[in-house]
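Protein chains get the first letters and strands the later ones, always in sequence-line order, with residue 1 at the start of each.
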2 protein chains.
Amino acid sequence: MAARLNLEEIGRRAGVSRSTVSRVVNGEPNVSAKTKRKVEAVIAATGFRPHAAARSLASRQTGVIGLIIPSEAGTLFNDPYFGRLILGASDAMNGLDLTLALFVFGEEIDESAIISRVVNPGLVDGVIVTATRMADPLIDHLRDAHMPFVVIGRPDSPHAVYSVDADNRGGARSAALHFAQLGRQRPALIAPPSNTSAGVDRRSGFLDGLAEAGLSIDGRVREGDWTEGAGRSAMAELLASSPDAVFVGSDRMAVGALQAIREANLQCPQDVAVVSFDGIIPADMVVPRLTSVAQPVREVGERAVSLLKAVLDGDVTKAESVVFPTELVIRETCGAALAATETGTAS
Amino acid sequence: MAARLNLEEIGRRAGVSRSTVSRVVNGEPNVSAKTKRKVEAVIAATGFRPHAAARSLASRQTGVIGLIIPSEAGTLFNDPYFGRLILGASDAMNGLDLTLALFVFGEEIDESAIISRVVNPGLVDGVIVTATRMADPLIDHLRDAHMPFVVIGRPDSPHAVYSVDADNRGGARSAALHFAQLGRQRPALIAPPSNTSAGVDRRSGFLDGLAEAGLSIDGRVREGDWTEGAGRSAMAELLASSPDAVFVGSDRMAVGALQAIREANLQCPQDVAVVSFDGIIPADMVVPRLTSVAQPVREVGERAVSLLKAVLDGDVTKAESVVFPTELVIRETCGAALAATETGTAS
DNA sequence: CTGAAAGCGCTAACAG
DNA sequence: CTGTTAGCGCTTTCAG
């Protein structure tokens, strides 16, 4: 029977040495066209694929990139955000012939367990870290272990790092300006957790935008943990101070906020306009359709991969922060169409 | 400076041979307590971790399990189903000290590309395949390549395979019986795609349940591609034949169906009762709250991992199909509370 | 219970 | 352009 398929065996069948086969497999230039053809024929005929572990051991590169997602009690996985992110990362990796290793850690497992699993030599070449808290200790550990990494978010680290993020501040600011333009007078805010960079940035961006427009928020601020439930109870509380507009820091919380508005027998957008951040809930999912500051999650995932790849290849050596612009997608909850009609701007 | 950390070096520092260190690392029994302690001390002091690739090469086991998710244009990733599944699989793997490699393939990449990437020797020990179509060619390819695998779903394969699935038929049947019990007379169905086992089973289970209860469906059947939009348009069509109840084959389609009902100025559950399948959309997400046949997605993911692990360890050798029961979770859209009130059953 | 020795399949100088 | 020669770090017989 056929011997186990390896470089040696392929070489034997093609009448060349193991090294030559290796060169063909790796697309190195210094192989004669004729030899190359012969070897490729044998490879095609046998369906040979080089052994990944052997290759990793010899080359000290695994071709595997880790994606670390700390999932707090599974909450995060109900958010379409991560699906999009994974899809983007995955696409980029398929194109680069890289393999994605996914590390999801619940709260019950401690930080050091994460590290020791991920920083296993010979397992991954580098990692992408998501959902980072401000000053995430994970980042320091990764650095101590000399593991190349890229952060998704805006890390608050004393050291410079590679990172990819959406323009949370700018996006939130645009929501504030939009409210101002629509003539809303009593804006409110439901911010994401302030121990995350997204939470901090979306909050400050919105407040800055209001200040710019000369609007004040007068304590109409609440914070929620990304979920529908949090959005609903935060909104219920805010309604006591009669806001006429609310910027909600995530799509999921906005869904809850809409429910609270409905339960109070108020109308959105007539009584309270709503703009959310994310733009990733399917538009048909809620009524009225959600106006939101959309961030390009998929692109963020893709870019994180290409940036890490560049770091691994030594193509980029200085800290680099990529920031993607957001886009205010106007649908129904902000009441823009309404305002347009009233002022006679619309046809 | 410290030499590169490996078995040899740890052995040198502990005054033993490389083999002994290997035995300690792998928890083999035949090591004296004293030697073991000494070696462990050195390991703890140095933070040594064995090189994954080297270990894989020598032992012919990678400790990595692949999860294959064919994502059609990203549609599937908007569904919380996959997040849950990944979470379950991931949990199980963390417990078994296994690493998860995620393979997401869009439609643009063909089947053989999937195979050649996944079946790379020395990369993964086995794979879990999801979202399988009926008679999925992927399965045959996996078998041809001698790659151990477990299917999530009910594969329609001429060969026996290992699989894990939810009781789609039984769950759908229970929805039918529930409608009958509530006195609904004109049931309708929005089924998932019939080229998937879930689609086939949910459809037949529902129809069987109706037949059992003596209800007929009279052509009030549509099919949708899992999305909100599909549910909405299917429901809009069905309304022409005045159904008083509809079983929708997925949570997302049910969200769309609810919208269509509202847009037709009908009330749910008064005019049309709705029961969906999945039970994974956060309960607070829609109003009225969705009654649905819940499937234990996380458990399915966990079980797929433990089954594959057993297969890899040779603990199970005959084809095995694990089927998880579903649970009808009654909330508001089915109108059970309503019916109870009318008949005086409720307080 | 412990050590020595032989690979696992591949890459990477180094010759030629 | 091609072959030879050493390893990469670990597991795994086989002796002792």
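Note that the two end axes of the helix from C:dC1-D:dG16 to C:dG16-D:dC1 enclose an angle of 30°, each drawn from 5 base pairs, rounded to 10 degrees.
Residues forming a salt bridge (Lys or Arg N to Asp or Glu O under 4.0 Å) with B:Asp315 (at least two apart in sequence, or on another chain): none. Every residue meeting the salt bridge (Lys or Arg N to Asp or Glu O under 4.0 Å) condition with B:Arg117, not counting sequence neighbours, appears here in chain and number order: A:Asp97. Annotation: side-chain contact (heavy atoms from CB on, under 4.5 Å) contacts of B:Ala45 (sequence neighbours excluded): none. In this view, B:Thr46 satisfies the side chain to side chain donor-acceptor pair (under 3.5 Å) rule with no residue, not counting sequence neighbours. For B:Glu299, the salt bridge (Lys or Arg N to Asp or Glu O under 4.0 Å) test picks out no residue, with sequence neighbours left out. For A:Glu320, the salt bridge (Lys or Arg N to Asp or Glu O under 4.0 Å) partners at least two apart in sequence or on another chain are A:Arg303.
Following rounding to the nearest Å, B:Asn26 (CG) and D:dG9 (P) show an atom-to-atom distance of 17 Å. D:dG7 atom C1' lies 11 Å from atom CZ of A:Arg18, rounded to whole Å.
Not one N or O on the side chain of B:Arg49 forms a donor-acceptor pair closer than 3.5 Å with the backbone of A:Val119.
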Between protein and nucleotides 13-16 of chain D, what N or O pairs are separated by less than 3.5 Å?
none

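Residues from residues 28-54 of chain A placing a heavy atom under 4.0 Å of any atom in DNA chain D, listed by number, are A:Asn30, A:Val31, A:Ser32, A:Thr35.
Phosphate proximity of D:dC10 to B:Ser22: absent, as no side-chain N or O sits under 4.0 Å from OP1 or OP2.
When DNA chain C is scanned 5' to 3' for any atom under 4.0 Å from a heavy atom of chain B, the first and last hits are C:dC1 to C:dG9.
Heavy atoms of A:Val16 sit under 4.0 angstrom from primed sugar atoms or phosphate atoms, though from no base atom.
Residue pairs meeting the side chain to side chain donor-acceptor pair (under 3.5 Å) criterion with at least one member in residues 54-66 of chain B, sequence neighbours excluded, are B:Asn26-B:Arg55, B:Thr62-B:Asp125. Within the structure, salt bridge (charged side-chain N to carboxylate O under 4.0 Å, His left out) pairs that include any residue of residues 35-47 of chain A do not occur (at least two apart or interchain).
With DNA chain C read from its 5' end, the first of the two nearest nucleotides for B:Ser17 and A:Ala58 is the one closest to B:Ser17.
Salt bridge A:Arg12/A:Glu8: absent, no basic N to carboxylate O contact under 4.0 Å.
Between B:Val164 and B:Phe324 the shortest side-chain heavy-atom distance falls below 4.5 Å.
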